[in-house]
Amino acid sequence: MGAATFQCDGMSLNAEQLEDYEVAPGATYIVSVKDLADLNDVVESFKSAYKTDPEVLSSMGMFIAKLSQEQISWLLMNEKVGFVECDGVVSIAAKKAKDL
């Protein structure tokens with residue numbers, strides 16, 4: 001499992017913990033890589049997997065994109081990703097116990 005974290009609504013979660021929550025669909029997130037040299041690899045891999053074109057901030061080792069929960073989970077499993085963070089005010093909600 002990847003060591004990246006999802007940071008939103010005052011919480012920091014790993015990929016497994018995120019499964020207990022629902023993220024706002026279509027919200028914008030910031031994705032940061034651990035090593036600037038890996039940014040292009042992560043972006044190209046993401047673009048290939050999801051046919052999307054995120055806004056890349058090369059000098060900062062980050063990209064910005066509207067992400068689904070599936071995409072966030074996929075990114076958290078990538079060892080090159082440091083974190084995925086809400087861009088602005090985004091809330092997440094715990095799933096109901098019957099959904100777990």
Side-chain angles (χ1 to χ4, degrees):
M1 185 179 310
T5 59
F6 175 74
Q7 301 168 10
C8 191
D9 208 17
M11 299 170 30
S12 183
L13 308 168
N14 63 32
E16 185 178 340
Q17 293 167 326
L18 183 61
E19 292 175 8
D20 293 336
Y21 294 86
E22 293 179 1
V23 300
T28 303
Y29 297 90
I30 301 166
V31 180
S32 178
V33 295
K34 294 176 185 174
D35 185 335
L36 186 59
D38 292 328
L39 179 62
N40 191 53
D41 288 342
V42 173
V43 170
E44 290 305 315
S45 177
F46 180 74
K47 286 169 63 173
S48 176
Y50 291 103
K51 311 297 184 235
T52 186
D53 195 20
E55 179 183 347
V56 179
L57 307 171
S58 299
S59 64
M60 298 176 68
M62 299 177 173
F63 66 90
I64 300 170
K66 290 186 184 226
L67 302 175
S68 67
Q69 182 137 358
E70 175 188 335
Q71 292 168 321
I72 293 168
S73 294
W74 186 88
L75 287 161
L76 294 179
M77 297 304 293
N78 186 320
E79 292 292 333
K80 296 177 180 178
V81 172
F83 64 83
V84 177
E85 179 180 272
C86 296
D87 184 24
V89 178
V90 177
S91 294
I92 62 174
K95 292 182 182 177
K96 295 179 183 173
K98 68 179 182 177
D99 295 337
L100 298 178

When the side chains of residues 30-42 are checked against the rest of the protein, which donor-acceptor pairs come out under 3.5 Å, sequence neighbours left out?
{"residue": "K34", "atom": "NZ", "partner": "E79", "partner atom": "O", "Å": "3.1"}
{"residue": "D35", "atom": "OD1", "partner": "A37", "partner atom": "N", "Å": "2.9"}
{"residue": "D41", "atom": "OD2", "partner": "K80", "partner atom": "NZ", "Å": "3.4"}

For E70, check side chain to side chain contact (heavy atoms under 4.5 Å, CB included) against everything at least two apart and list the hits. Y50, S68
CE (M77) and CG (N14) are apart, to the nearest 0.5 Å, by 9.5 Å
M60 and V84: same hydrophobic cluster, using ILVMFWY side-chain contacts below 4.5 Å? no
Name all residues meeting the ring-ring contact (aromatic ring centres under 6.0 Å, His included) criterion together with F83; count only those two or more places apart in sequence or in a different chain, and write none if there are none. none
Just verifying a value: how many Å separate E16 CD and L76 CG, rounded to the nearest 0.5 Å? 12.0 Å
Does the pair L67 and F46 meet the rule for a side-chain contact (heavy atoms from CB on, under 4.5 Å), with working shown? CA-CA 11 Å; L67 302 175; F46 180 74; 3.4 Å; yes
For residues S73 and L18, determine if any side-chain heavy atom of one lies less than 4.5 Å from a side-chain heavy atom of the other. yes
Please report the C-alpha distance between F6 and Y21 in whole Å, then the side-chain angles of each, then the deciding distance to 0.1 Å, and finally whether the ring pair (Phe, Tyr, Trp, His ring centres under 6.0 Å) criterion is met. CA-CA 11 Å; F6 175 74; Y21 294 86; 8.8 Å; no
Taking S48 for its side chain and E44 for its backbone only, find out whether a donor-acceptor pair lies under 3.5 Å. no
Checking E55 now: which residues fulfil salt bridge (charged side-chain N to carboxylate O under 4.0 Å, His left out) with it, not counting sequence neighbours? none
ILVMFWY network linking V56 to I64, side-chain heavy atoms under 4.5 angstrom: no
Residues in side chain to side chain contact (heavy atoms under 4.5 Å, CB included) contact with S12, at least two apart in sequence or another chain: T5, Q7
Cluster link L57 to L75, ILVMFWY, side chain under 4.5 Å: no
Y29 versus V23: any side-chain heavy-atom pair under 4.5 Å? yes
Check step by step if side-chain contact (heavy atoms from CB on, under 4.5 Å) holds for T52 and K66. CA-CA 9 Å; T52 186; K66 290 186 184 226; over 6 Å; no
